Amino acid sequence: MSKGVTPKSEDYARWYTDVITKAEMADYGPVKGTMVIRPYGFSVWDSIKDAFDSRFKETGHVNAYFPLFIPKSFLSKEADHVEGFAKECAVVTHSRLKSAADGGVVVDPESKLEEEVIVRPTSETVIWSMYKKWINSYRDLPLLINQWANVVRWEMRTRLFLRTSEFLWQEGHTAHASEKEAVDETLKILDIYKEVAESVLAIPVLTGLKSEAERFAGAVDTYCIEAMMGDKRALQAGTSHYLGQNFAKAFDVKFQNENNREELVYATSWGVSTRLVGALIMVHGDDKGLRLPPQVAPNQVVIIPIIKTEEDLKTIEDYVIPFTTALKNSGIRFQIDSRLKMSPGFKFNEWEMKGVPIRVEVGPRDMENKTLFCARRDTGEKQPIALDDAPKKIETMLEEIQSNMFNQALQFREKNTFNINDYDAFKTQIASGGFIRCGWDGDPASEAQIKNDTKATIRCILADGKTKNLTCVYSGKPAKHEVIYAKAY
RNA sequence: CGAGGCGUAGCGCAGUUUGGUAGCGCACUGCGUUCGGGACGCAGGGGUCGGAGGUUCAAAUCCUCUCGCCUCGACCA
């Protein structure tokens with residue numbers, strides 16, 4: 001293994017996989033397209049998960065678990081839904097293997113299943129088949145269920161965290177008595193997504209509606225949070241769907257309202273996935289490796305003793321006890337890297353690769369001066385701090401790093417977002433990347449033509465878009481929406 | 001499925017043209033010296049050269065077949 005990572009500027013895709021493997025976030029699984037999330041990466045995912053989970057619970061949602069296997073027939077109940085997922089489903093056709101003549105194993109043809117089952121690519125269908133049993137009256141509504149699970153989508157092209165055959169996510173599935181309530185729910189979740197992305201992951205996101213072409217298969221409206229990655233491409237970081245009565249119709253889920261009349265249930269579904277870990281890497285990482293926002297960093301502080309012998313280590317450990325005790329009391333996650341065989345320089349580089357927000361060096365010089373030597377991962381700034389103030393300073397610094405990383409990402413996005421209303425200028429700009437904010441006449445044909453010409457798609461129809469005096473960048477007709485166009489992952 | 005490329009130690013590669021004891025760097029193990037930005041020395045361990053068949057005194061190297069992977073397209077987002 002070579003020392004550093006491929007520079008971002010040289011080959012962004014290689015930089016990305018280098019960072020992931022060298023920071024020990026993840027590794028390739030034995031089956032093509034699969035990924036092993038290693039402990040360090042999983043710890044980041046755990047933090048992300050906790051941030052969402054607590055907010056879901058605060059807003060009245062409960063967790064449950066639905067089966068991995070779905071009857072094949074379920075997928076055909078909603079026409080758009082099948083269209084969207086049928087081509088990437090893993091199908092279980094047999095239940096047994098048997099020994100083969102060559103010493104290996106083969107599928108036992110006698111174990112062929114009567115009814116084949118699919119491995120869930122998403123759970124709307126199983127969940128709605130159950131909701132049919134559980135919902136009878138308006139008193140059973142709203143039903144606000146979330147599940148944390150794995151799903152399988154048999155993609156041809158995969159990339160660690162961004163698109164893998166199997167991934168982890170949360171999927172919320174709610175049922176409501178009225179359209180308004182369901183739409184409100186859809187937007188409430190969108191808000192949570194934005195809040196967590198920005199305040200926890202330090203990733204600025206745009207929110208808005210998807211165009212029909214980009215909409216979730218089976219949804220009436222798909223809302224999204226959309227982020228700009230370090231190569232100026234867009235990544236859909238989360239989606240919240242208003243499903244209308246589509247799934248209620250498909251699974252015949254009706255309730256009796258207060259007037260004793262039967263009505264179809266209104267639905268939402270929403271999800272974020274381990275893809276967010278990929279976003280975190282691409283938004284914040286640099287040529288030294290990962291940069292993790294303090295809120296999701298497995299270690300917020302790493303302490304590196306500068307030592308010659310095992311006795312030196314003991315002395316330093318004693319010296320930092322007041323400091324580490326204070327960190328512990330304020331709930332700051334830290335680690336003392338006391339490995340004797342590695343040189344300090346090696347450790348500096350390793351922890352920088354792993355994105356630890358603050359490195360604290362402690363050596364003889366510090367003990368003499370009653371200081372600690374402190375280095376920030378986000379800015380590279382280094383300074384000695386007095387041992388007595390250290391815990392407070394560190395706490396403040398972590399907050400600064402968190403907001404600084406958000407601001408850096410925001411500035412990057414702003415700098416690479418362009419208001420354009422001329423199609424030639426559009427094409428030139430798209431070729432060199434970035435987000436383009438422009439008018440759209442609302443015609444799927446103009447969207448399709450732009451995609452064909454440039455590979456750019458509408459990332460979102462801006463919720464706060466202004467269409468006054470705005471014309472469609474393609475047709476020149478009056479714009480129906482203000483949208484963001486970009487090339488996406 | 002189309003076009004190109006690659007399979008040799010955990011990883012990255014050389015060796016194949018012209019057949020002759022399977023190598024290098026990193027990683028790993030042990031000992032010693034180092035330690036405030038990727039330390040160094042010495043000594044080690046690890047391979048049926050993707051697989052099968054053939055040619056030959058002799059095959060990583062030549063021939064035939066086969067399997068797998070990667071990149072670009074197609075597909076997907």
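In the text below, chain A, chain B and the rest are named by the order of the sequence lines, each starting its count at 1. The basis for the numbers below is simple: all heavy atoms, side chains too, and nothing from hydrogens, waters or symmetry mates. Bear in mind the structure is a predicted one, so any value in this text is a computation, not a measurement.
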*Would A:Thr174 and A:Thr268 count as having a side-chain donor-acceptor pair, cut-off 3.5 Å?*
yes
*Distance-only donor-acceptor test, A:Arg359 side-chain atoms vs B:G36 base atoms, 3.5 Å*: no
*Give the B/S/- string for nucleotides 28-35 of chain B, one per nucleotide from 5' to 3', where a protein heavy atom under 4.0 Å of the base yields B, of only the sugar-phosphate yields S, and otherwise -.*
-------B
*So what does A:Asp312 touch, heavy atoms closer than 4.0 Å: a base, only the sugar-phosphate, or nothing?*
nothing
_RNA chain B contacts among residues 481-489 of chain A, heavy-atom distance under 4.0 Å_ = A:Ala488, A:Tyr489
*A:Ile304 has an atom CD1; how far is it from atom P of B:G38, in whole Å?*
13 Å
*Look at the aromatic rings of A:Phe426 and A:Tyr485 and report parallel, tilted or perpendicular, splitting at 30° and 60°.*
perpendicular
*Quick one: A:Leu160 CG to B:C70 P, roughly how many Å, whole number?*
12 Å
*After noting the C-alpha distance and the side-chain angles of A:Arg376 and A:Glu400, does the key distance pass the salt bridge (Lys or Arg N to Asp or Glu O under 4.0 Å) rule?*
CA-CA 10 Å; A:Arg376 277 174 66 154; A:Glu400 278 171 27; 3.0 Å; yes
*Would you say the side chains of A:Gln408 and A:Arg291 form a donor-acceptor pair under 3.5 Å?*
yes
*Counting heavy atoms from C-beta on, name the nucleotide in B:G36, B:C76, B:G37 closest to the side chain of A:Glu88.*
B:C76
*Closest to side chain of A:Lys382, choosing from B:A77, B:G37, B:G38*: B:G37
*Which nucleotide, B:G36, B:A77, B:G38, lies nearest any side-chain atom of A:Arg275?*
B:A77
*Check the distance between B:G36's P and A:Asn349's CG and give it to me in whole angstrom.*
12 Å
_My understanding is that only residues two or more places apart in sequence, or in another chain, count here; which of them pass salt bridge (Lys or Arg N to Asp or Glu O under 4.0 Å) with A:Glu226?_
A:Lys210, A:Arg459
_Looking only at side-chain N and O atoms, does A:Ser475 offer a donor or acceptor that is under 3.5 Å from a partner on A:Asp441?_
yes
*Between B:G36, B:C76, B:G73, spot the one nearest the side chain of A:Lys455, thanks.*
B:G73
*Nearest-nucleotide wise, let me know which of A:Gly363 and A:Glu214 is further upstream toward the 5' end of RNA chain B.*
A:Gly363
*Could you check whether the rings of A:Trp270 and A:Tyr193 sit parallel, tilted or perpendicular, using 30° and 60° as the cut-offs?*
perpendicular
*For atom CZ of A:Phe348 and atom C1' of B:G37, their distance in whole Å*: 6 Å
*Donor-acceptor pair, A:Lys370 side chain versus A:Ala386 backbone, under 3.5 Å?*
no
*Record whether the side chain of A:Glu352 comes under 3.5 Å of the base of B:G37 through a donor-acceptor pair of N or O atoms.*
yes
*Do A:Asp453 and A:Tyr423 get their side chains close enough for a donor-acceptor pair, meaning under 3.5 Å?*
yes
*Between atom CZ in A:Arg153 and atom C1' in B:C76, what is the gap in whole Å?*
11 Å
*Using purine N1 to pyrimidine N3 plus N6-O4 or O6-N4 for Watson-Crick, or N1-O2 and O6-N3 for G-U wobble, both under 3.5 Å, which nucleotide pairs with B:A27?*
none
*Starting at atom CG of A:Asp11, determine the distance to atom P of B:U71, rounded to an integer number of angstrom.*
11 Å
*asked:* Of the listed nucleotides (B:G37, B:G36, B:G38), which one gets closest to any side-chain atom of A:Glu361?
replied: B:G36
*Distance-only donor-acceptor check, side chains A:Ser123 and A:Glu171, under 3.5 Å*: yes
